[in-house]
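Numbers restart at 1 for each chain; the letters A, B, ... are given by sequence-line order, proteins then strands.
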Number of protein chains: 2
Amino acid sequence: MTDRPRTARALARQTLTRDILDAARARLTDEGPTVLSLRAVARDVGMVSSAVYRYFPSRDALLTALIIECYDELGAAVEQADAACDRADRPGRWLAASRALRGWSVEHPGEFALLYGTPVPGYAAPRDTVGPATRVVRTLIQVVVDAHAGGARPPVAAPGAPDVTEVVAPARAFVADRGLADDAPTELVVRTLIAWTALFGTVSFELFGHLEGSVADGDGWFDAVAVRLGADLGLSAEAIDATPARSGR
Amino acid sequence: MTDRPRTARALARQTLTRDILDAARARLTDEGPTVLSLRAVARDVGMVSSAVYRYFPSRDALLTALIIECYDELGAAVEQADAACDRADRPGRWLAASRALRGWSVEHPGEFALLYGTPVPGYAAPRDTVGPATRVVRTLIQVVVDAHAGGARPPVAAPGAPDVTEVVAPARAFVADRGLADDAPTELVVRTLIAWTALFGTVSFELFGHLEGSVADGDGWFDAVAVRLGADLGLSAEAIDATPARSGR
DNA sequence: CACGAACGAGAGCGCCGCTCTTGTCAGACG
DNA sequence: CGTCTGACAAGAGCGGCGCTCTCGTTCGTG
């Protein structure tokens with residue numbers, strides 16, 4: 001990935017860049033992304049503020065680097081949690097991936113806010129961020145797709161639910177483009193998107209304090225949510241063990 | 001609610017306070033809450049920054065006033081949407097309340113970020129905010145409780161789902177304290193909390209740009225989500241029309 | 001060895017939240 | 001009606017912010 005530095009100067013540059021990023025992430029944890037002070041970061045690494053501009057052309061560029069790094073870290077955590085499971089244990093993979101998602105977020109609340117909280121006002125995320133940003137949802141989709149390729153019963157649309165095949169067309173294209181599934185049923189795509197949203201919504205509510213008076217134990221609550229969302233996707237132990245060919249209802 | 005001002009001075013104070021709040025909310029829409037500049041707000045209302053401190057002792061106090069006002073506005077919108085429905089039409093009430101929730105949020109993205117985005121770093125929400133903050137979820141619970149008092153089939157826990165009766169004890173206490181339901185089944189409470197979280201998670205993902213490549217039409221998508229979440233709560237037309245007394249399973 | 005690029009430090013710009021002081025005017029009270 | 005107190009707007013000033021520019025210095029290369 002990163003080249004070995006060939007000169008003392010290049011080495012210094014590399015380590016200082018890392019130091020700046022680390023200091024920025026350290027500050028991120030107790031002060032939000034929007035008020036991240038470049039001057040304070042500079043002080044932390046023993047530099048004057050203007051010197052930081054040798055390494056990042058602007059505060060936005062520093063934010064972009066942080067965002068990419070965090071998306072990648074979160075994505076890697078989720079992917080590794082999934083990879084550590086028995087491939088055939090779909091409910092276990094779903095829960096492990098979900099837990100990894102929350103685990104990283106709870107450990108890095110500042111970084112979570114950077115990724116999933118209020119966007120920084122004047123800041124527009126560049127293209128480079130979308131790839132790393134999709135690693136989590138890609139992993140979740142992979143688990144769901146594997147389960148249904150293995151015979152899990154696909155979810156059935158609620159009676160009276162509006163047809164949204166057109167609405168989720170981009171999502172299906174995303175899935176197809178990455179070779180995850182050639183033709184996923186609409187309802188499966190919909191339920192996966194809902195589950196993905198609900199997982200992050202749960203973490204967001206927990207970290208931002210909206211569950212304060214409602215839920216006693218964030219850990220236990222999240223597990224309960226994740227298991228139910230998985231079950232809605234046909235990812236319960238029962239659904240997987242049942243005869244695969246049984247049609248819905 | 002607010003007393004009629006008895007002197008010219010009191011009137012001026014009242015209108016100026018309103019002007020400041022309005023200007024702050026206007027600024028909120030295109031710049032996040034954390035970077036809301038009191039000086040800029042002062043300029044907008046034709047005052048010098050220090051003069052604003054006659055009306056709000058600090059920037060945090062101004063934020064608190066804004067938060068309460070916004071929670072109340074959102075809560076009122078949801079309550080009114082529910083109230084405008086036929087009381088017996090539970091699925092309709094659920095969808096209406098959900099739509100109102102999103103409608104207000106989409107119309108007031110800055111205010112939504114203030115309420116449900118990254119908390120302002122040094123800011124701790126005072127007690128006064130929790131009452132207004134719960135108006136939305138209270139309305140959603142009311143609809144669900146009404147439906148099940150009217151015979152809707154309560155949701156059944158997925159096989160293998162962990163028991164979380166203890167975890168949601170605060171939520172049940174909240175419900176009981178407000179006379180919404182004496183003894184709601186655990187699974188109903190859980191599903192309602194999940195639905196509440198998922199609704200706001202969906203809005204959050206939409207407004208913060210995480211659905212960009214996945215969903216074509218935010219309006220249609222949200223309806224699809226709301227209907228499915230309602231159905232999971234036993235709030236589909238079919239579930240309500242079914243024989244009320246049928247026990248779960 | 002010499003030259004240019006990279007670098008760190010500093011000063012300075014206009015912005016921020018917030019405090020303190022100053023002068024003014026409304027309104028309550030004798 | 002006069003006085004006096006409190007509310008008020010304005011300004012200066014504090015330290016901190018993102019960012020720019022300049023100025024020596026040092027490193028790496030032709």
Margin query: Tell me whether the side-chain N/O atoms of A:Y55 come closer than 4.0 Å to OP1 or OP2 in C:dA6.
Written below: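 Negative; the distance criterion is not met.
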
Item checked: OP1 or OP2 of C:dA9 under 4.0 Å from side-chain N/O of A:R43 ->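 No, no such contact exists.
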
With 3.5 Å as the limit, what N/O pairs link the protein to nucleotides 18-22 of chain D?
from: D:dG18; atom 1: OP1; to: A:L36; atom 2: O; distance (Å): 3.1
from: D:dG18; atom 1: OP1; to: A:L38; atom 2: N; distance (Å): 2.3
from: D:dG18; atom 1: OP2; to: A:L38; atom 2: N; distance (Å): 3.1
from: D:dG18; atom 1: OP2; to: A:R39; atom 2: N; distance (Å): 2.8
from: D:dG18; atom 1: N7; to: A:R39; atom 2: NH1; distance (Å): 2.4
from: D:dG18; atom 1: O6; to: A:R39; atom 2: NH1; distance (Å): 2.9
from: D:dC19; atom 1: OP2; to: A:Y53; atom 2: OH; distance (Å): 2.9
from: D:dC19; atom 1: OP2; to: A:R59; atom 2: N; distance (Å): 2.8
from: D:dC19; atom 1: O5'; to: A:Y53; atom 2: OH; distance (Å): 3.3

Notebook entry, point to check: Using the ring of each side chain (for Trp, its six-membered ring), is B:F205 parallel, tilted or perpendicular to B:H210, with breaks at 30° and 60°?
Noted result: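 Ring orientation, 0 to 90° scale: tilted.
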
Note to self: Angle between ring planes, A:F112 versus A:F200, binned at 30° and 60°: parallel, tilted or perpendicular?
What the structure shows: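 Parallel, since the angle between the ring planes stays under 30°.
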
Item checked: Rounded distance (Å) that lies between atom P of C:dG17 and atom CZ of B:F56 ->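 B:F56 atom CZ is separated from C:dG17 atom P by 14 Å.
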
Check: Whole Å only: how far is the CE atom of B:M47 from the P atom of D:dG11?
Finding: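 Those two atoms, CE and P, are 13 Å apart.
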
Item checked: N/O donor-acceptor pair under 3.5 Å between A:R178 side chain and A:A173 backbone ->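 Not confirmed, A:R178 side chain does not pair with A:A173 backbone.
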
Salt-bridge test for [X] and [Y]: reply yes if a basic N is under 4.0 Å from a carboxylate O, no otherwise.
X      : Y      : result
B:E73  : B:R25  : yes
A:R102 : A:E107 : no
A:R228 : A:D223 : no

Short N/O separations, protein against nucleotides 24-29 of chain C, under 3.5 angstrom:
from: C:dG27; atom 1: OP1; to: B:A8; atom 2: N; distance (Å): 3.1
from: C:dG27; atom 1: OP1; to: B:R9; atom 2: N; distance (Å): 3.0

Item checked: For A:D44, salt bridge (Lys or Arg N to Asp or Glu O under 4.0 Å) partners two or more places apart ->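 Expected list: A:R27.
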
Note to self: Is the shortest side-chain heavy-atom distance between A:L233 and A:W94 below 4.5 Å?
What the structure shows: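 In contact.
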
Next item on the list: Using a heavy-atom cut-off of under 4.0 Å over every strand shown, decide if A:L16 touches base, sugar-phosphate, or nothing.
Entry: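 Sugar-phosphate only.
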
Notebook entry, point to check: Which one, D:dA7, C:dC16, C:dC7, comes nearest to the side chain of B:R13?
Noted result: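 Comparing D:dA7, C:dC16, C:dC7 against the side chain of B:R13, the answer is D:dA7.
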
